[in-house]
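Worksheet for the structure shown next.
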Amino acid sequence: MSGTANANRLVRWIDQRLPVFTLLAHATTDYPTPKNLNYWWNFGSLALFMLVVMVLTGIFLAMNYTPNAALAFTSVEHIMRDVNQGWLLRYLHMNGASMFFFVVYVHMFRGLYYGSSKSPREILWWLGLIIFITMMATAFMGYVLPWGQMSFWAATVITNLFSAIPWIGNDITTWLWGGFAVGNPTLNRFFALHYLLPFVILGVVVLHLWALHTVKSNNPLGIDPKGPQDTIPFHPYYTVKDLFGVGVMLIVYMFFVFYAPNYFGEPDNYIPANPLVTPNHIVPEWYFLPFYAMLRSIPNKLLGVIVLFGSLIILFFLPWLDTSKVRSGRFRPAFKIFFWLFVADGCWLGWIGAQFPTESLVVQGRIATAYYYLFFLVVLPLLGWFETPRTLPSSISAPVLPRGGAAAMEKA
Amino acid sequence: METRIRRSARAAFLALAAFALASPALAQEEEVKLAPQDWTFTGILGQYEPAQLKRGFQVYREVCSACHAMKLLAYRNLAEIGLSDDEIKAAAAEKQVTDGPNDQGDMFQRPARPSDQFVSPFPNDQAARAANNGALPPDLSLIVKARHGGPDYVYAILTGFVDAPKDFKLPQGMYYNTAFPGHAIGMPPPLTADRVTYADGTKATLEQEAHDAVTFLNWAAEPELNVRHNLGLKVLIFTIVLTALFYGLKRSVWSDVHH
Ligand code: HEM
């Protein structure tokens, strides 16, 4: 009970009956963290911060929102115009979703680059993926709630994907819709689920952190701490560093909320949903664009859906697809190149997803999709065999301590 | 081995880049270049100009309201652009609304009140189409946010009526507009010089009227803009200072760690 050894009597009284203070101390002051984490390690706490922001703003939006096909659009405009600071709540929530996805994407690429999915962190990685996929479902259903043109047509396009399933596809879609087209029952269930799923995410985040505290943080060198000289307590070191990160993110976030609140949005969503008028260019939110591009680049519907969902499922196998014994990309010269190509490929897919599909774009989409799959199925497994990694430092402290470090760096 | 991988990776990257550049950006739909206008409300310090909002409302009231609804506004909202209570009452009372039922159980007509929504010119979409050659005049409450290009686009529509080029087949009852997608629009040119007479003496050129109307429409779509821009500046300054303090704190806490 290190956390409460010299605490006051009330704290001790509570702690002996419900050890919350011990738990807190265990997770902060006692939690040893590698001392060499760089700023890419800030993004996990940023994601947690955004989740809290989304839940808080969402609850207050829900108090003023009406999930009814005839009223939803005006109820959102009622929030924008008549609810005190309603516009602020909505813009925080809308742009918050973009910030949330941005930090989570960076967080995931960080994991990929530094080999954070490898043993013993496989379950930690899976829990992260479950959070990511649940977030996608949550954001998709949230986007339907304002019931604008893009809401309606995005819901139609995405739910239609399930009709590609052989035999039972059409029944599943009808069941999802609660009718024979996207309509009021769809809106109602999406609202119920949009309210529920963030709390599911919250639960998985707790598991994610539990797994993290069991296997401890990876670090930019990808080698395990050799002893206390390699670690520092999470609190106060990383709590202040995380606070600073939150500040930087807030500057960006607030800029969008106050000065470009509709930058990530589509103008069409300010037109009320109309089942009789199809917008001439249906685009999802930016964070879905890479996956949308994959879907559209495959001519066969079922195959397109398989490729789309496969691109997510494949991520679960990353711990074994990346066969290199070395975790950190810092010591893997060839991996580095393919990694950055992969990042570029993701951006390229995103760009393709935003364009009006032409023949040349479909071809580009296929090449980019092929690289996505090749990267995981061919490049990563083979690199583990063919690549000669640079020499790893002997410990985390080695490269940072004045003399021993210099020697280690020269060797590497 | 390493250099071979590096070389092939570089080749692959160049091939991908060449491909990306070769493809025509944003093909299909023909893009109309919008001339960016000077708006008082854009930029970090941007605010609406009250006199301009009033002129813009005058244009809407005397011209656009014959065809276009603005259902998301109520007459009382006009207080925000500086109309007095009496002016608001007068603007509302120009229109009739159906109310009821009364004690006898009958619906009745009465003049609109400040608490009523802007009264629509047509009872329903079908009536609106019937009166406009089949074209539906959209509700203007959110029009500025509902179009790519926002205020510049709406301005370009209002000032974009010209004679159709000779080789252009203009359908019966349509008008040629440089900004409208496809160029054939169902709206007759709504504004001309001196279409309105401004109470404040401003010269009513076509450009002035369009500029004023769009500013009013932007206010209708984003009535919170003045407050948002003001608050935003404070919030940004606050977050920047806070972040600087956090950075200082981080430096001092970390000063004993070698890294
Ligand atoms: C994982 C966290 C969440 C994500 C990623 C998310 C995402 C979204 C998105 C993208 C929208 C559409 C915004 C727009 O275009 O207007 C939305 C709307 C909405 N969300 Fe969420 N949300 C989250 C959590 C919540 C929670 C916890 C609640 C309620 C308890 C909530 C309630 C609402 C409501 C009422 C709307 C409709 C109002 C509006 O359109 O602004 N959200 N959400």
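A note on names: the letters A, B, ... follow the listed sequences, proteins ahead of strands, and every chain is numbered from 1.
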Exercise: identify the closest heavy-atom pair between Ala91(B) and Tyr75(B): O-CE2, 4.0 Å
Per-residue contact mode, Leu231(B) against chain A (heavy atom under 4.5 angstrom): both
Donor-acceptor contact below 3.5 Å, side chain Glu387(A) vs main chain Ser324(A): no
Backbone N/O of Leu349(A) and side chain of Asp345(A): donor-acceptor pair under 3.5 Å: no
Which of Ala220(B), Gly43(B), Gly248(B), Gly46(B) touches chain A most, by non-hydrogen pairs under 4.5 Å: Ala220(B)
Heavy-atom contact with chain A under 4.5 Å, split by part of Leu72(B): both
Proximity breakdown for Asp82(A) and chain B, heavy-atom pairs closer than 4.5 Å: side chain
Contacting region of Asn230(B) [heavy-atom separation from chain A under 4.5 Å]: neither
Within residues 140-160 of chain B, residues adjacent to chain A where the heavy-atom gap is under 4.5 Å: Ser141(B), Leu142(B), Lys145(B), Ala146(B), Arg147(B), His148(B)
Part of Val235(B) within contact of chain A (heavy atom distance under 4.5 Å): side chain
Min side-chain heavy-atom separation Lys89(B)-Pro114(B) under 4.5 Å: yes
Side chain / backbone / both / neither for Ala74(B) at chain A, heavy atoms under 4.5 Å: neither
Distance-only polar pair, side chains of Asn95(A) and Tyr263(A), donor-acceptor under 3.5 Å: no
Centroid-centroid under 6.0 Å between Tyr238(A) and Trp254(B) rings: yes
Greatest number of heavy atom pairs closer than 4.5 Å to chain A - which of Leu249(B), Leu242(B), Ile240(B): Ile240(B)
4.5 Å side-chain heavy-atom contact, Phe57(B) and Ile81(B): yes
Per-residue contact mode, Ile251(A) against chain B (heavy atom under 4.5 angstrom): both
Compile the donor-acceptor pairs under 3.5 Å between side chains in residues 254-262 of chain A and protein atoms, sequence neighbours left out, one pair per line.
{"residue": "Tyr259(A)", "atom": "OH", "partner": "His229(B)", "partner atom": "O", "Å": "2.9"}
{"residue": "Tyr259(A)", "atom": "OH", "partner": "Leu233(B)", "partner atom": "N", "Å": "2.9"}
{"residue": "Asn262(A)", "atom": "OD1", "partner": "Tyr270(A)", "partner atom": "OH", "Å": "2.7"}
{"residue": "Asn262(A)", "atom": "ND2", "partner": "Tyr91(A)", "partner atom": "OH", "Å": "3.3"}

Side chains of Glu77(A) and Phe73(A) in contact at under 4.5 Å (non-hydrogen atoms): yes
Test item: Tyr60(B) side-chain N/O and His68(B) main-chain N/O as donor-acceptor pair under 3.5 Å: yes
Under 4.5 Å from any heavy atom of chain B - which part of Phe335(A): neither
Six-ring centre of Tyr39(A), Lys241(A) cation under 6.0 angstrom, axis tolerance 45°: yes
Region of Glu266(A) in contact with chain B, defined by heavy-atom distances below 4.5 Å: side chain
